[in-house]
> 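Before anything else, here's the structure in question.
In what follows, chains are A, B, ... by sequence order, proteins preceding strands, each numbered from 1. Predicted, not measured: the structure shown is a model, and the values here were computed from it.
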Number of protein chains: 2
Amino acid sequence: MFKVPDHQVAGHRASQGVLGPLIDDSGRFYKPLQSDERGSKEMVFYTGFSSNKEIPNHIRKFFPVYYGTQLIEASDGSGLLPHLVLEDIVSSHTNPSIMDVKIGARTWYPQASEDYITKCVLKDRATTSLSLGFRISGLQVYGSEQSGYWKPNKKRVQGFTADDVRLILRKFVSSNPSDDFGTEPDRAFAAAVYGGSTGILAQLLTLKAWFEDQTFYHFYSCSVLILYEKEPILNGKRPCATVKLVDFAHVLDGQGVIDHNFLGGLCSLIKFISEILNNLPDISPKNSEKD
Amino acid sequence: MFKVPDHQVAGHRASQGVLGPLIDDSGRFYKPLQSDERGSKEMVFYTGFSSNKEIPNHIRKFFPVYYGTQLIEASDGSGLLPHLVLEDIVSSHTNPSIMDVKIGARTWYPQASEDYITKCVLKDRATTSLSLGFRISGLQVYGSEQSGYWKPNKKRVQGFTADDVRLILRKFVSSNPSDDFGTEPDRAFAAAVYGGSTGILAQLLTLKAWFEDQTFYHFYSCSVLILYEKEPILNGKRPCATVKLVDFAHVLDGQGVIDHNFLGGLCSLIKFISEILNNLPDISPKNSEKD
């Protein structure tokens, strides 16, 4: 009944001896509740968020639906363990291209332990978090039935520089993502995926407007997940470009202050994507821009 | 010819034995070029900024005019020293209420020395920089000819908590700023100073729009200076509410990335000021809002 997700691009992947998320056939995603405070914090967030009546519907749709918790067999074989039961964002997709972007120059908060802070500071400085306000945590780009997915390994992803990020954001919407670093990505799907009134950029701008105002939550170490399907674009249809927020193990009460750390990083990501759209070659197929 | 500025609210104040800025009668402000790299970095910024043709005029007006450098007698009596010659922002004002707000959750940058970073991190955490994305570095509020200025001392300012900041931003536009912490500030000038199409909020929003796009500069440890005159408001005129950016000793090349650290803090300040405007008591004089 439960299986390991096919399309996980970041975080621990479930396997014998390794605890990780599971999915079922009904479109639900089971995330093990870690025994440390992270698990309980994420549950507290989902519970509070689900019942928070001040979240507008056009914002709520950026968050996975929460179905409560359930005791299921853990993926590492350690027996029954409580899991968060969430909407499986990916299950409705056939061949999803996915990017996990961890938002915020700072992934730590002052209330955390000094050990945790030190670890985060080192990683924020070693990756692009500090310089760009975000870092790419993982991605896969669908090529074709023959070539399958282009999916750089974890070590490569962790070494991404600012220039790599600029390139990866172009590769993500290109038909030649796996080409060597010398070849310019063709950005064939950039207009269809990033652009348009329902594209990724428009959705990120909607999120931004909310973050300029909301003072309920501060999202540390939270990711924006960007997904799309290539097939519909090739058939001249909409690419089902989707933005979701995931990973709420480090959400704090906003205490009446906006999440300036998340907002700054989000604005930086928006600028990178805007620049790609503003610099498209004339030959790129822009049909699906008119939606 | 040179004298110590009357209305300095933050930074070292010039006196016998202490190096600080000077002004003259022609409306110029002389800032000593520190012998360490800070001085030269600020000069490099002003020189580059002055000749940067991609700065729109409606943004340039937020920066003090730069007149080059000049050798003048240092305020500490140490002899001739090169000074930056700048527009004296305050000189055109008679009884200015002034607030210096240092923007950004982070006042340091990775290229700085570890000693400098450690010092900044401690101060960012000890003040409201980390939590709010900005900290108040100093202020004075004009009361009347009899009462003069209300100007909390440096030690008190450095101890401001998030709640203090919320209160101070209300006191800054109140006719009873110096009242004890028990009395609610009347916010008598809030609509005139913060509100309206030429008020502080409108100016901060103009700056914000630029920061969402500009990738030339990253402004660390830079301040937004907020000024206004009380007299015109009492006479039903515009309060000459002014926003200026000051202190560019730690400006870095943006390298194609927006200044997400400054932008996040600026958005947080904007939210605080918006909340004051959205919660004004009905009795407050709103005449000058119609401009």
> Is there a side-chain contact between A:Glu212 and B:Lys208 in this structure, where contact means two heavy atoms from C-beta onward sitting under 4.5 Å apart?
yes
> Would you give the length of the straight line joining atom CD1 of B:Ile258 to atom OG of A:Ser274, rounded to the nearest 0.5 angstrom?
9.5 Å
> Quick check for you: among A:Val121, A:Leu132, A:Leu263, which has the greatest number of heavy-atom pairs under 4.5 Å with chain B?
A:Leu132
> How close do B:Thr215 and A:Lys271 get, heavy atom to heavy atom, and via which atoms?
CG2-CE, 3.7 Å
> Within the supplied structure, the quantity of interest is the number of heavy atoms (other residues, nucleotides, ligands) at a distance under 6.0 Å from A:Lys41 NZ; does it exceed 12?
yes
> Below 4.5 Å from any heavy atom of chain A, which atoms of B:Phe272 appear? Answer side chain, backbone, both or neither.
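The side chain, not the backbone.
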> Could you tell me whether B:Lys119 atom NZ has more than 12 heavy atoms of other residues or ligands within 6.0 Å of it?
no
> Nearest heavy-atom pair of B:Ser268 and A:Val257: which atoms, and what distance?
OG-CG1, 3.9 Å
> When heavy-atom pairs shorter than 4.5 Å are enumerated against chain B, which of A:Gln255, A:Arg166, A:Arg125 gives the highest number?
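If we count pairs closer than 4.5 Å to chain B, A:Arg125 comes out on top.
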> Contact between A:His260 and B:Cys267 at the side-chain level, heavy atoms closer than 4.5 Å - yes or no?
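No; the side chains remain at least 4.5 Å from each other.
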> Among B:Gly264, B:Ala162, B:Gly256, which has the most heavy-atom pairs under 4.5 Å with chain A?
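Among the listed options, the one with the most contacts to chain A is B:Gly264.
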> What part of B:Asp213 gets closer than 4.5 Å to chain A, counting heavy atoms only: side chain, backbone, both or neither?
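Contact with chain A is through both the backbone and side chain of B:Asp213.
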> Assess whether atom CD of B:Gln111 is packed by more than 12 heavy atoms of other residues, nucleotides or ligands within 6.0 Å.
yes
> Examine whether an atom of B:Ile117 lies under 4.5 Å from a heavy atom of chain A, and if so say whether it belongs to the side chain, the backbone or both; otherwise answer neither.
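Side chain only.
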